[in-house]
Structure formats: C-alpha cells, structure tokens
Q: 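Below is the structure I would like to discuss, written out as structure tokens.
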Amino acid sequence: MSGKPRLTYCNGRGRMEPVRWLLAAAGVEFEEVFLETREQYEKLIKDGVLMFQQVPLVEIDGMKMVQTRAILSYIAGKYNLYGKDLKERALIDMYVEGITDLMQMILVFPFSPPEAKEKNLDSIKDRAINRYFPVFEKVLKHSQDFLVGNKFSWADVQLIEAILAVEEKIPAVLSGFPQLQAFKIRMSNMPTIKKFLQPGSPRKPPPDECYIETVLKIFKK
Amino acid sequence: MAGKLKLYYFDGRGKMESIRWLLAAAGVEFEEEFLETREQYEKLLQGGSLLFQQVPMVEIDGMKMVQSRAILSYIAAKYNLYGKDLKERALIDMYVGGTDDLMGFILMFPFLSAEDKEKQRAVIVQKATSRYFPAYEKVLKDRGQDFLVGNNFSWADVHLLEAILMVEEKKSDVLSGFPQLQAFKARISSIPTIKKFLEPGSQRKPVPDDKYVETVRRVLRMYYDIKAN
C-alpha cells in the first residue's frame, strides 16, 4: 500500500475534479480507480466502503473519506491551503462555497435535456457575469496576488478551476474582468498548476457523450 | 471585535435553521432580522451586505458572513464544536455532509405542489431509512460512545439531532428500526442548551407553512415552480 491518496470515481470530472485540482496544486501525487461498471459500484457498496453509498471516495491517511467538501477541507487543512487563522478560513470557505454554487450549474449541465440546454447555458453566463465574477474581480482589485491573506489558498485553486470551466462554455466570459484575466495567467503559471494543465496530467477533459452514458449506467436508480 | 451576533433571513427555517441550532447548542445568544418585504431585501443588496446577493447572512465578529456552510464551520470552530484535530474535523465534515444532504430533501418540501409533496415525503423516508440513518446507527454502535466523534459533543451531533427531528415530522415512527439513534436522540435532547432550544419560546422555528412560502416567493421574486429532486 503506497502512502498516496487514492481516488475512486468515474473517469471524468464530475464531483471529483476539484479534488484532483487541489491535490495537484498542493503538489501531491495520487492514484485513481475508475468506475466503469455497475458491478464495481455495487461491490463497493457491499464492501461497506461508501458511507452514504456515494462516490467520490478518497482513501487518505487511513480514512475512507466521502463527501466532497469534507475531502477538500481536509486536504486544504493538511497542505496549508486554508489560511492562517479562523477568519481567513471563513473567507476561504465563503469564496469556495460561492464558486461551488456556480460549478454546480456546470456539473449538472451535461445531464439536462437538449431543450433545456440553451436556457441553462444562459443561466450559467448570467450567474458568472452578474453574481460571481464581479465579487472576485473586486476582491483581487484590493488584494495582491491571491484572494485571501496574500497567500496561495484553496480559494485560488477553486477560482482558477471555475474560470477555465466557464470559459469552455462561454469563451469571452472574462472580457469585462481584467483582474480575473491577470489572475488566470498568474495561477496558470504556478509550477504545480502549470504541470496540471499540461497534457498527460490527471486533469480530466470536459464531459462527453461516453462519460454521460457511463454515469447514467452505473448510477441508474 | 465582539458585538452583536445578528442573523438575516426569513422568519422560518430554510437554510438558517441549522445555524440557529448550532448557536443555541453552543449557548450563544443572537438577534434576528426577518425579511418580510422585497424592499428590505433590496436595501441589503444595495448596501453591499450580501456577497453573492443571497441570504442567509450572519453578522459575526465584524464580518458579514454568507454561505451557510461557511457560517456553520466558523461557529463550530469558534465554540469548540469541531473536534480536537484535523482528522476529527474530517469525520465531522463527512457526517454533516450526509445530514445536510438528507435535510436538503426536506428544504424544498414546502414549495412543492400537493402531489409532489406526497412523492417527496416517500423519498425523504426512503433515503433516511435506507441510506442515512443506517450509517449513523452503525457509527454509534461501533463506537459505543455518547457522541459521533471523539468523546465530545460536536457540530455533527447537533446536526444529526436536527435531521432526526425533521424527518420525524414527516413520519413519526421513522426511528423504529434504529435503537442507537433513539438513545442518541434522547441523550442529545437532554443536553441543557439543546433542551432549552427545544422548549416553546426559543428561537427555533416551526415547520414551514404557506405563509412562509409566500414570503420567500415575494421577497426573492421566486415565482417559478419548484420540482422535487
């Protein structure tokens, strides 16, 4: 048994992608087990490793962790990406939760029916441009390189992930946000993130038909 | 800077109730401002108090905090209800994630049509009895301790009690297959701060009614249909 964290999920982004980002940003190597069949999933449940019968599952430091937020908080705490005190942690939590709300819209998008897709895309664009990006544009205007405490944190990783995910859907989305544009470049050049953005990293591509089919097959109710 | 602790939300449970529970469990007094009109909400928006234009919002220690999870984590840590180290915190976060998902099925219940309500009631009971309650029953059984994590009362215990009571409101005998949870419920309910919160006259809010739904729709201009998940 290696000491590396082990991630169990489908071979795609979904709810595991923020975990991959955070581990990569922290420079932590990890292994992955990909769910491909319903039988694999049912075996995990039968073996009692999924506390609420759900993935993501991350085996780390002797724990079988589920619940994405819990996993991310643990990693952030362990690798010093959670601010220096309670108040910085509060800011990081607030920013991460807001970004997660935006990412949630992107998460469910591939599974929405074709007739709803255009409306959902408009909602994503509206929320990004009118609710979320202005907040971080303002924060960055008053801070230095990073969102919280002038130090790289989980909030920065979550934001760069979200920016790139939204840009995949709406390429010109950053056009009114010069601070975010500069932030995007700065983050992308950080060595661990730069490595994660290169081909061959554990980063997963945007969901495609095959991924959607696999997910529906494995988790059909 | 200490000062007043003030909650901004509707006069009802929603996403603020878990925060009321946690503050009450910690023995912390708080004020509340209830949103009743659209104008009040717009005033908060224009004043820049709502980071993502949403409530809950809690004024605490000089911050205007939003995002209920962030608020709850801050309160838990501040009042020593978050375990003694990173691993205990991880367990608490996992357990709270589960009860949060369970309560999520109940959160939109008041906004559903009568027909969808019946369907959703069945979903809530099914999820509680086949997914969530067995998980916590097992934790309590395996550990044989009074509390879910470590040997101390924590946020996870408060959140689980809140979830149990909410599901019981939908089906009163839902705990019948879960002896550990029954004992847990009795134990945690008798903790002095919780006992006080469960008595009439506390800041605990009642089961949401049509008036509450109307208020939320009016203040947020949320007139679209809500579907069950």
Q: Shorter than 4.5 Å, heavy atoms on both sides: which option in A:Asp101, A:Val96, A:Ile71 has the most such pairs with chain B?
A: A:Asp101
Q: Can you say whether A:Val135 sits under 4.5 Å from chain B via the side chain, the backbone, both, or neither, judging by heavy atoms?
A: side chain
Q: Does the salt bridge (Lys or Arg N to Asp or Glu O under 4.0 Å) test come out yes or no for B:Asp116 and B:Lys119, once each step is laid out?
A: CA-CA 5 Å; B:Asp116 282 351; B:Lys119 288 191 202 146; 3.8 Å; yes
Q: Checking salt bridge (Lys or Arg N to Asp or Glu O under 4.0 Å) for the pair A:Glu168/A:Arg13: CA distance, chi angles, key distance, verdict?
A: CA-CA 14 Å; A:Glu168 279 169 355; A:Arg13 290 184 182 176; 2.8 Å; yes
Q: Flag the one option from A:Gly62, A:Ala90, A:Pro134 with the top tally of heavy-atom pairs under 4.5 Å to chain B.
A: A:Ala90
Q: Under 3.5 Å, is there a donor-acceptor pair between the side chain of A:Tyr41 and the main chain of A:Phe219?
A: no
Q: Against chain A, label B:Lys78 side chain, backbone, both or neither, depending on which of its atoms sit under 4.5 Å from a heavy atom there.
A: both
Q: With a 3.5 Å distance limit and no angle check, can you tell me whether B:Arg38 reaches the backbone of B:Val219 through a side-chain donor-acceptor pair?
A: yes
Q: Counting only heavy atoms closer than 4.5 Å, note whether B:Met94 contacts chain A via side chain, backbone, both or neither.
A: both
Q: Of the backbone (N, CA, C, O) and the side chain (C-beta and beyond), which part of B:Val96 lies under 4.5 Å from a heavy atom of chain A, both, or neither?
A: neither
Q: Check whether A:Lys138 gets within reach of chain B through its side chain, its backbone, both or neither, counting any heavy atom under 4.5 Å.
A: neither
Q: I'd like to know if the side chain of A:Glu137 and the backbone of A:Leu180 have a donor-acceptor N/O pair within less than 3.5 Å.
A: yes
Q: Between A:Asp61 and chain B, with a heavy-atom cut-off of 4.5 Å, which part of the residue counts as in contact: side chain, backbone, both or neither?
A: both
Q: Working note: B:Ser73 + B:Tyr82, criterion side-chain hydrogen bond (donor to acceptor under 3.5 Å, both in side chains); need CA distance, chi angles, decisive distance, verdict.
A: CA-CA 8 Å; B:Ser73 291; B:Tyr82 220 162; 3.3 Å; yes
Q: Using the ring-ring contact (aromatic ring centres under 6.0 Å, His included) definition, which of the options A:Tyr95, A:Phe183, A:Phe146, A:Phe177 pairs with A:Phe136?
A: A:Tyr95
Q: Side chain of A:Asp47, backbone of A:Val49: donor and acceptor closer than 3.5 Å?
A: no
Q: Measure distances from A:Asp85 to the heavy atoms of chain B and classify the residue's part below 4.5 Å as side chain, backbone, both or neither.
A: neither
Q: Among A:Met63, A:Gln67, A:Arg127, who wins on heavy-atom pairs under 4.5 Å with chain B?
A: A:Gln67
Q: Given heavy-atom pairs under 4.5 angstrom as the criterion, report whether the side chain, backbone, both or neither of A:Arg89 touches chain B.
A: side chain
Q: Of the options B:Leu140, B:Leu91, B:Ile188, B:Ile92, which is the one that meets B:Leu148 in a side chain to side chain contact (heavy atoms under 4.5 Å, CB included)?
A: B:Leu140
Q: Quick check on B:Arg131 against chain A: is it the side chain, the backbone, both or neither that has a heavy atom closer than 4.5 Å?
A: both
Q: For A:Met94, which atoms come within 4.5 Å of any heavy atom of chain B: side chain, backbone, both, or neither?
A: both
